[in-house]
Amino acid sequence: MENVHSFKVVNNKGEEISLSDYAGKVLLIVNTATGCGFTPQYKGLQELYDKYKEKGLEILDFPCNQFMGQAPGDDAAIDSFCTLKYNTTFPRFHKIDVKGKNAAPLFTYLVNQKHGIFKNVKWNFTKFLVDREGNVIARFEPTAKPEAFEKDIVAALEK
């Protein structure tokens, strides 16, 4: 059966990564942008990562420039911005599309699993929570700050 672990993605260094490498981890998959009003959520995401990484949380950052061009720059520039401004240490991947005909298959799958209030990803910082077995268990819209769904992450980690 297909789940998140069935997908392969490209990291920000151009290397193909199998998400099966994250089997046994709780994943928070986020489409991000460096020039968005929600960009300060990187701080809260890093705080969650610092707090729960040792318990099995991984945050997977997928930059996307589809929403008003708010993720300009190449992978290296985006990584530099996030590392220097927000001290992020979680894995970052190659910039992708998250909606439309060129949407990354992973995001098409995520949206099909959890529609939320929108059928598609509508903006930057849409977040998908995935359990240790690769099943999508929750979706959080861009307005949901990381601290608002910490309890959901804890619940997934405790299973």
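- Side-chain contact between Ile29 and Val136 is absent, with no heavy atoms from C-beta onward closer than 4.5 Å.
- Phe67 places a side-chain heavy atom less than 4.5 Å from the side chain of Asn31.
- Within a 6.0 Å radius of CD in Glu15, other residues, nucleotides and ligands contribute more than 12 heavy atoms.
- Closest approach of Asn65 and Ala71 over heavy atoms only: OD1-N, 2.8 Å.
- Both Phe149 and Val26 are members of a single hydrophobic cluster when ILVMFWY side chains are connected at heavy-atom separations under 4.5 Å.
- Atom-to-atom distance recorded for Leu27:CG and Leu60:CG is 5.0 Å, nearest 0.5 angstrom.
- Between the NZ atom in Lys8 and the CD1 atom in Ile17 there is a gap of 10.5 Å [rounded to 0.5 Å].
- Minimum interatomic distance between Arg139 and Val121 (heavy atoms only, all atoms of both residues): NH2-CA, 3.9 Å.
- The ring pair (Phe, Tyr, Trp, His ring centres under 6.0 Å) check on Tyr42 picks up Tyr86, Phe125, with sequence neighbours excluded.
- Asn11 has its side chain out of reach of Glu16: every pair of non-hydrogen atoms, C-beta onward, lies at least 4.5 Å apart.
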* Given Val9 and Leu106, is the side chain to side chain contact (heavy atoms under 4.5 Å, CB included) satisfied, shown in steps? -> CA-CA 8 Å; Val9 294; Leu106 172 62; 4.1 Å; yes

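- Between Leu28 and the options Val130, Leu129, Asp152, Asp61, a side-chain contact (heavy atoms from CB on, under 4.5 Å) holds for only Leu129.
- In this structure, the side chain of Asp97 does not engage the main chain of Ala103 through any donor-acceptor pair within 3.5 Å.
- The cluster map of Ile, Leu, Val, Met, Phe, Trp and Tyr, joined by side-chain heavy atoms under 4.5 Å apart, puts Val10 and Val30 in different clusters.
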* Asked: How far apart are the C-alpha atoms of Val154 and Tyr52, what are their side-chain angles, what is the distance that settles it, and do they pass the side chain to side chain contact (heavy atoms under 4.5 Å, CB included) test?
  -> CA-CA 8 Å; Val154 170; Tyr52 298 108; 3.3 Å; yes

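- Within the 3.5 Å criterion, the main-chain N or O of His5 finds no donor-acceptor partner in the side chain of Glu133.
- We find that Lys51 and Glu150 are joined by a salt bridge, their nearest charged nitrogen and carboxylate oxygen being less than 4.0 Å apart.
- Of the inter-residue distances, the one linking Asn3 atom CG with Gln113 atom CD reads 9.0 Å to the nearest 0.5 angstrom.
- Shortest non-hydrogen contact noted between Ala33 and Cys64 is CB-O, 4.0 Å.
- Counting heavy atoms from C-beta on, the side chains of Ser18 and Phe7 never come closer than 4.5 Å.
- At least one side-chain heavy atom of Thr39 sits less than 4.5 Å from a side-chain heavy atom of Phe81.
- Cluster membership for Phe90 and Ile78, using ILVMFWY side-chain heavy atoms within less than 4.5 angstrom, is not shared.
- A distance of 6.5 Å separates CZ of Phe38 from CD of Gln41, quoted to the nearest 0.5 Å.
- In this model, a donor atom of one side chain and an acceptor atom of the other lie less than 3.5 Å apart for Gln70 and Asn124.
- At least one side-chain heavy atom of Asn112 sits under 4.5 Å from a side-chain heavy atom of Thr108.
- With a 4.5 Å cut-off on side-chain heavy atoms, Glu58 and Lys53 count as touching.
- One finds the OG atom of Ser80 at 11.5 Å from the CG atom of Asn12 (value rounded to the nearest 0.5 Å).
- Shown here for Leu157 and Leu57, the closest heavy-atom pair between the two residues is CD2-N, 3.8 Å.
- The backbone N or O of Gly73 sits less than 3.5 Å from a side-chain atom of Lys95, completing a donor-acceptor pair.
- With a 4.5 Å cut-off on side-chain heavy atoms, Pro146 and Glu47 do not count as touching.
- Considering only residues two or more places apart in sequence or on other chains, Phe62 meets the ring pair (Phe, Tyr, Trp, His ring centres under 6.0 Å) condition with Phe93, Phe107.
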* **side chain to side chain contact (heavy atoms under 4.5 Å, CB included) between Thr34 and Cys82, intermediate numbers included** => CA-CA 7 Å; Thr34 53; Cys82 295; 4.1 Å; yes

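- A distance of 10.0 Å separates OG1 of Thr126 from NZ of Lys122, quoted to the nearest 0.5 Å.
- Considering every non-hydrogen atom in both Pro40 and Gly37, the closest pair reads CD-O, 3.4 Å.
- A side-chain donor from one of His94 and Asp75 sits under 3.5 Å from a side-chain acceptor of the other.
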* **Steps toward side chain to side chain contact (heavy atoms under 4.5 Å, CB included) verdict (Arg92, Thr83)** => CA-CA 10 Å; Arg92 187 162 295 107; Thr83 303; 4.2 Å; yes

